[in-house]
Every structure is written in C-alpha cells, then in structure tokens.
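Everything on this sheet refers to the single structure shown next.
In the text below, chain A, chain B and the rest are named by the order of the sequence lines, each starting its count at 1.
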Amino acid sequence: MQKNDISPPSHFIRQIVANDLQSHKHHGKVVTRFPPEPNGYLHIGHAKSICLNFGTALENNGACNLRFDDTNPEKESIEYMESIQRDVAWLGFEWTQLCHASDYFEVLYQHAVTLIEKGLAYVDSLSAEEIRLYRGTLTQPGKESPDRNRSIADNLDLFARMRAGEFADGQYVLRAKIDMASPNINLRDPALYRIRRVHHQRTGDAWCIYPMYDYTHCISDAIEGITHSLCTLEFEDHRPLYDWVLDKLQTPCHPQQIEFARLQLEYTIVSKRKLNQLVTEKHVSGWDDPRMPTIAGLRRAGFTPQAIKDFCERIGITKQNSWIEMGVLEYCIREDLNTNALRAMAVLEPLRVVITNYPDEKVEELTLSNHPQREELGKRIVPFSKTIFIEREDFSENPPPKYKRLVLGAEVRLRGAYVICCHEVIKNAAGEIIELHCTYDENTLGKNPEGRKVKGVIHWVSQAHSCPAEVRLYERLFTVAQPDNEENFLEVVNPHSLQILKECRVEASLRAATSENRYQFERTGYFCVDSDSTVEKLVFNRTVTLRDNGEKD
RNA sequence: UGGGUCGUCGCCAAGCGGUAAGGCACGGGGUUUUGAUCUCCGCAUACCAAGGUUCGAAUCCUUGCGACCCAGCCA
C-alpha cells in the first residue's frame, strides 16, 4: 500500500491549490514565484521555499518565476544575483521568467500616482523618528500626521518633485492613507516610497525614490499573473496591506498570499546578517565554506540537489514554528550517497604495516566492486603489496570490549584482500607505535579461512601505490542547537568544526578524481573532492560520516 | 494591556465527527569481507488543559494555559 507510492504527501498548500484548480479559481492556472532579495547567498531555508514554489508549479503544470526583489539597492549586488541563479539552477529548477521588481519601477510609480489621485496616499514631511512616534504602540493607536490631509494637487506635485530629485534623502516619504488607529500596525499609513540617492545595480541612477516591499511585492505578483503568492509566517499580518493595495488599484489579477513556517534547522543559523558576519569576520572561508548552511556551502560539502529536495519534502509544509533535527538532513544525504556514491579506500591517519611473509617485490592487482549492491557501477583495480597503511585507530594494544579490529596476536580481514595476523608492534624511542609486523594467510583471498571465524574487517592502501591527499573533516559549526537564541552567537561557534588532515593516503583509483566527485571511503564516511583539489594535491571534504551503531571504543 | 498565528510520540507530520498514518531518532533480532547498507520487531488507551454537545470528539462549542510574529523611510 505505501510501497512505491510516488505521490508526495499532501500539505495544506497542496490542498488549497488542488481546491482552487477544481473550482477554476484562477482560470485553472498555477503560477508561483521565488522572490529573493539579492542581499546574500541562498541557504537551506530558501531551499524549502524554492522547492515549494517550483514544486507547486511543476506538479500542476504551471509556471514559476525567479524574481529579484531588488527595491533596496543599498544592500543588494550583482554578485548575489548571480549566486542565486547559480544555486537555483544547481538545485535543478528552471524558472519560467527571470524577473526583477526594478523592471516595474515605472508602473509602480504610475500606480502610486493613481493612489494619490484617489486620495489614498499622501506625501509626508515627518522625519523617520517622528513617524515612529506618531505610529503609536502595540496597545495604543497612532496619531495622524499633519500632512495627512494635504491636497491631492499638492501631493501630486510633491511626489513628482520627489522623483525629480528636488529633495534630500529622507525629507519626504509617500504614505498610504489607511488607518492610524488600526490594531494592525502595518495598516497605520505605511510608507510606500522613500527618497534614497543610491546607485541601483540595474536601473543605475534613473531613480532616487525607491518603493517599499509591501507596496512592490503585491503589484509585482499581479503583473506576473501569480496565482499563489507563497511566503513565510512573518508576512501574515502584511496580508491585509497586500490586499488593500491590490483592491485599490487596477491590476491584471489579485494573487492569493499564503503563509507557511520558515525552516529552522538545529545547529545552524539562517539569518543573512549573521551569515554575512561569519564570512566577513573570517569565521569561515566564505559563503561556500562547507560548514555554511548555504546552498553553495552544502554543494561544496558534497550534498546533492536530490538530497536537499528530499529533505525539503520530508520536513513538510505547515504553519507551525518547528525545529528540524540535523539527523533528518544527514539521513537524506546518506541515503542518496549510499545508493549512488562509488566506494573507495582511504586511510586518514596512516600506520605502516609490513606483511613479513609476503614477497618483497610482489604486487597483486586486486579487483574490487565500486559498489557492494550495484554491480552495474563496475569494478576497479586496487594494488596490494608487502607494505601497506591501515588506519591508526584500527589497531589497539588495549582493545575495549567488542573491539573488532586488529590487535596483537589476532587476525583481521583486510577489505577485499587477505586475512592478516599481527605479530609485532614496533615503537620509537617515545614509545609511539610506528609500524606493525604482520603475516598474511594466502588462502584467504576471496574466501574465509577454514575452521576459524574472522570478525573484523579494516580498510587499507598500498604504501607504494596510494596517493597522498588532504582530507578536511567538518563538524557542525555551532556547539548549541539554537545558536540564534544566544546572546552572542559567535561565542558558540564550534572551535573544532574543521580538522585538516594532511598526511592521508587514498587508493590509486582516486588519482584522477575531480571537483565535486563524491565517494564513500569505506568505513569512514562520504567525501567529496573539493574545488581546491588539484592533480598534484588531492583535497577531499567529508560530507557526512557513516551512520555508526557500533560500540567503538 | 492591541492585532495575527500556532499547540497530535524525543524531532517533524498525517488526520477535515466513526474510534491515533508515515518519516527521523531511539531500543532489540537477523544477514553482511564496510561496526555501513539491507531486513524484521518494538516505540502516543493518547491528541496543551478543563468543561460541554454527541451513540461516538484529536476533529464541533466554551473557557483557560503556553509558544511565535508585528511598533524599519529592511525584505
């Protein structure tokens, strides 16, 4: 019944859209949009919105635009616009149209003139500070501005002169005339336009007045024929304003705004301001640092678009503020990589092992499967020789109970090769183990020894044939589940979030691995070739460890 | 003390008056040349609380309680 049921689980927005389709509410069409402000890189929270918006369109044969909400040039840039397009495309979505709120500046202006003509907007000379004071409080109504009853002719004249650049920044503002006593503060004559002499990335210096979000967004939606305008919960009480503007104006349609809860992921931060601070203050290497919850960071860490989309589907869409555990995201990437990543052996902290009864110059080219469950993924050659490396932690002189790896005087299986037995531990003057002497049982290649059971299996690489590599081990960036609730989130940055291992050895087949190739290093985790990697110096990032149910140490 | 929204398992989340889906996490068994994968089993007499309506309530009503959002010329 539930097996292979490919239809995604329902949620309230899917239900609304389905109902609207049935009642022919928007002429049977579904048009959505993803409207980021280009003031930072996209993060995992945006991915939820992207999947919702593009997904809703895809499921209903509709359209979805990528629209830049570029109404505040002070904070926005072309770099961000480019990164946003790159990230959305990498996730695998294609926008129907690439739009910019700034493309609508002229229509927006004309609509504002209409509002003035209808006596629904006025030019106010109050300062920002005064407007704040006049607004009242949550429990007390606001006061009307002395300019509220300025004549339509004067308003028209002043607004035209605002556009013409006759006034200083902040000298005037265009306000909607709604209700200073409204219990909804957004309706207490909200600002529609402000004067700001800032160069805009796209319109250059054509404008010195810029429209506000509330005024711009609804009209932009209407212009594009959006049917369902999906946004996060904090805009819930902006909806009356969204509807007010469209009700007063002649627009192509009146989209329906629907709000859903934004993503909150444990151990991460999604405030653009704080992410920007992490980058600027060098707590991370950049917006695409693998520890960052940005799309670019997840990508560099080795996450796949499919895993991110799967995650967004699993967490659901509701109006409940909720916190998602990291385990869900980790499950999604492990599931994808377990079925799709090729297997390889890599020794992160090498310990030399000499197989004393193995011929000095002999080299065997062992053939190993690239994937234990998927033969169609092919095989690879892994050379075996007298001197190999194993993981330092795969040998113990004082093994804890249930230790399944190598100990003195006992056997262990070398994955894909022979069973070896350790006979001697070589130490340096400081008492540190520098080498192991073992013997191999030549009758154990591809078969179990007779009469005894070898329970442990460890990975290895041949000293002479393996390649050096740098491996970067990442852990969660914060030490507490909700760093945002901290007085200073920088104090809970995890000091051990990055560990760089420079002396690693990876099997020969990895020599030609290139950026973004993903592997499972058997028994240690999933890894991805970093963009810093070169033929001379391989660099891998750990995406996520393998799930560990065992009782190690 | 205004307005808006939300309260179902440790974390998500179905449920839309007919007697609590599913996923993650967790615990236990089996398979395994990855302590992985896979597989089997277990995991809410209970739905914020208290009343009420009903043959029957997580679903309807009432009253409480708790949480989140809003006082940018940010989005």
Regarding [X], tell me which of base, sugar-phosphate or nothing describes its non-hydrogen contacts under 4.0 Å with the strands shown.
{"X": "A:T318", "answer": "sugar-phosphate"}
{"X": "A:S322", "answer": "sugar-phosphate"}
{"X": "A:G446", "answer": "base"}
{"X": "A:E266", "answer": "nothing"}
{"X": "A:K272", "answer": "nothing"}
{"X": "A:P372", "answer": "base"}
{"X": "A:G327", "answer": "sugar-phosphate"}
{"X": "A:L174", "answer": "nothing"}
{"X": "A:E74", "answer": "nothing"}
{"X": "A:M212", "answer": "sugar-phosphate"}
{"X": "A:A128", "answer": "base"}
{"X": "A:R334", "answer": "nothing"}

For [X] and [N], give me the distance from atom [atom1] to atom [atom2], rounded to whole Å.
{"X": "A:I131", "N": "B:A71", "atom1": "CD1", "atom2": "P", "result": "15 Å"}
{"X": "A:H43", "N": "B:A75", "atom1": "NE2", "atom2": "P", "result": "17 Å"}
{"X": "A:F235", "N": "B:C74", "atom1": "CZ", "atom2": "P", "result": "14 Å"}
{"X": "A:Q520", "N": "B:U33", "atom1": "CD", "atom2": "P", "result": "16 Å"}
{"X": "A:I185", "N": "B:C70", "atom1": "CD1", "atom2": "P", "result": "11 Å"}
{"X": "A:R135", "N": "B:C73", "atom1": "CZ", "atom2": "C1'", "result": "9 Å"}
{"X": "A:L52", "N": "B:A13", "atom1": "CG", "atom2": "C1'", "result": "15 Å"}
{"X": "A:H459", "N": "B:U34", "atom1": "NE2", "atom2": "P", "result": "13 Å"}

Side chain A:R413 and base B:U33 donor-acceptor under 3.5 Å: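 Result: at least one qualifying N/O pair found.
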
Residues 32-41 of chain A, side-chain donor-acceptor partners within the protein, below 3.5 Å, at least two apart:
residue, atom, partner, partner atom, Å
A:T32, OG1, A:N53, O, 2.8
A:R33, NH1, A:H217, NE2, 2.6
A:R33, NH1, A:S229, OG, 3.1
A:R33, NH2, A:L230, O, 2.3
A:E37, OE1, A:N39, ND2, 3.0
A:N39, OD1, A:K272, NZ, 2.5
A:Y41, OH, A:E79, OE2, 2.9

Pairwise 5' ranking along RNA chain B for A:L126 and A:P183, keeping only the more 5' one: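 In this pair, the answer is A:P183.
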
Upstream residue (5' side of RNA chain B) when A:R415 and A:F12 are each assigned their closest nucleotide: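 Nearer the 5' end of the strand: A:F12.
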
Sticking with atom [atom1], work out how far [N] lies from [M], rounded to a whole angstrom.
{"N": "B:U54", "M": "B:C61", "atom1": "P", "value": "16 Å"}
{"N": "B:G23", "M": "B:A75", "atom1": "P", "value": "43 Å"}
{"N": "B:G18", "M": "B:G56", "atom1": "C1'", "value": "7 Å"}
{"N": "B:G4", "M": "B:U62", "atom1": "P", "value": "15 Å"}
{"N": "B:A46", "M": "B:G10", "atom1": "P", "value": "13 Å"}

Among A:V412, A:L414, A:L406, A:I390, side-chain contact (heavy atoms from CB on, under 4.5 Å) partner for A:C438: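 Result: among A:V412, A:L414, A:L406, A:I390, A:L406 is the only option passing the side-chain contact (heavy atoms from CB on, under 4.5 Å) with A:C438.
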
The single option from A:I13, A:T232, A:L233 passing side-chain contact (heavy atoms from CB on, under 4.5 Å) against A:E259: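 Answer after filtering A:I13, A:T232, A:L233: A:L233.
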
Residue list, side-chain contact (heavy atoms from CB on, under 4.5 Å) with A:K274, at least two apart or on another chain: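 Partners of A:K274 by the side-chain contact (heavy atoms from CB on, under 4.5 Å) criterion, ordered by chain and then number, come out as A:I269, A:S271, A:D484, A:F489.
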
Residues which pass side-chain contact (heavy atoms from CB on, under 4.5 Å) with A:S322, listed by chain and number, not counting sequence neighbours: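 In terms of side-chain contact (heavy atoms from CB on, under 4.5 Å), with neighbours along the sequence ignored, A:S322 is linked to A:I324.
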
Is the phosphate of [N] approached by [X] (side-chain N or O, under 4.0 Å from OP1 or OP2)?
{"X": "A:R194", "N": "B:A75", "answer": "yes"}
{"X": "A:Q15", "N": "B:A14", "answer": "no"}
{"X": "A:R523", "N": "B:G35", "answer": "yes"}
{"X": "A:T71", "N": "B:A75", "answer": "yes"}

Torsion-based syn/anti label for B:G52, 90° from 0 as limit: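 This nucleotide is in anti.
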
Protein-to-nucleotide contact annotation, 5' to 3' order, nucleotides 4-10 of chain B [B base; S sugar-phosphate only; - none; under 4.0 Å, heavy atom]: SSSSS-B

Sequence neighbours excluded - salt bridge (Lys or Arg N to Asp or Glu O under 4.0 Å) pairs with any residue from residues 335-351 of chain A: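 Qualifying pairs: A:R314-A:E335.
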
Counting heavy atoms from C-beta on, name the nucleotide in [options] closest to the side chain of [X].
{"X": "A:V173", "options": "B:C73, B:U34, B:C12", "result": "B:C73"}
{"X": "A:D69", "options": "B:C12, B:G2, B:A75", "result": "B:A75"}
{"X": "A:Y403", "options": "B:C73, B:G35, B:A75", "result": "B:G35"}

Taking any strand in view, what nucleotide pairs with [N] in a Watson-Crick or G-U wobble way, both distances under 3.5 Å?
{"N": "B:A36", "value": "none"}
{"N": "B:U63", "value": "B:A49"}
{"N": "B:G27", "value": "B:C41"}
{"N": "B:U54", "value": "none"}
{"N": "B:C9", "value": "none"}

Could you tell me whether a side-chain N or O of [X] sits under 3.5 Å from a main-chain N or O of [Y], the two making a donor and an acceptor?
{"X": "A:H100", "Y": "A:S102", "result": "no"}
{"X": "A:R196", "Y": "A:C208", "result": "no"}
{"X": "A:R175", "Y": "A:D189", "result": "yes"}
{"X": "A:K177", "Y": "A:R148", "result": "yes"}

Ion pair check, A:R194 and A:E74, cut-off under 4.0 Å: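 Answer for the salt bridge query: no.
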
Side-chain ion pair, A:R405 and A:E391, N-O less than 4.0 Å: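 Salt bridge between A:R405 and A:E391, a charged N being under 4.0 Å from a carboxylate O: no.
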
A:E522 versus A:Q520, side-chain donor and acceptor atoms under 3.5 Å: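 No.
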
Donor on one side chain, acceptor on other, A:E130 and A:S127, under 3.5 Å: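 On atom types as modelled, these side chains qualify, holding a pair under 3.5 Å.
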
Under 3.5 Å, which protein N or O atoms sit close to an N or O of nucleotides 37-39 of chain B? Give each pair with its distance.
residue, atom, partner, partner atom, Å
B:U37, OP1, A:R547, NH1, 2.7
B:U37, OP2, A:R547, NH1, 3.4
B:U37, O2', A:N338, ND2, 2.9
B:U37, O2, A:Q373, NE2, 3.2

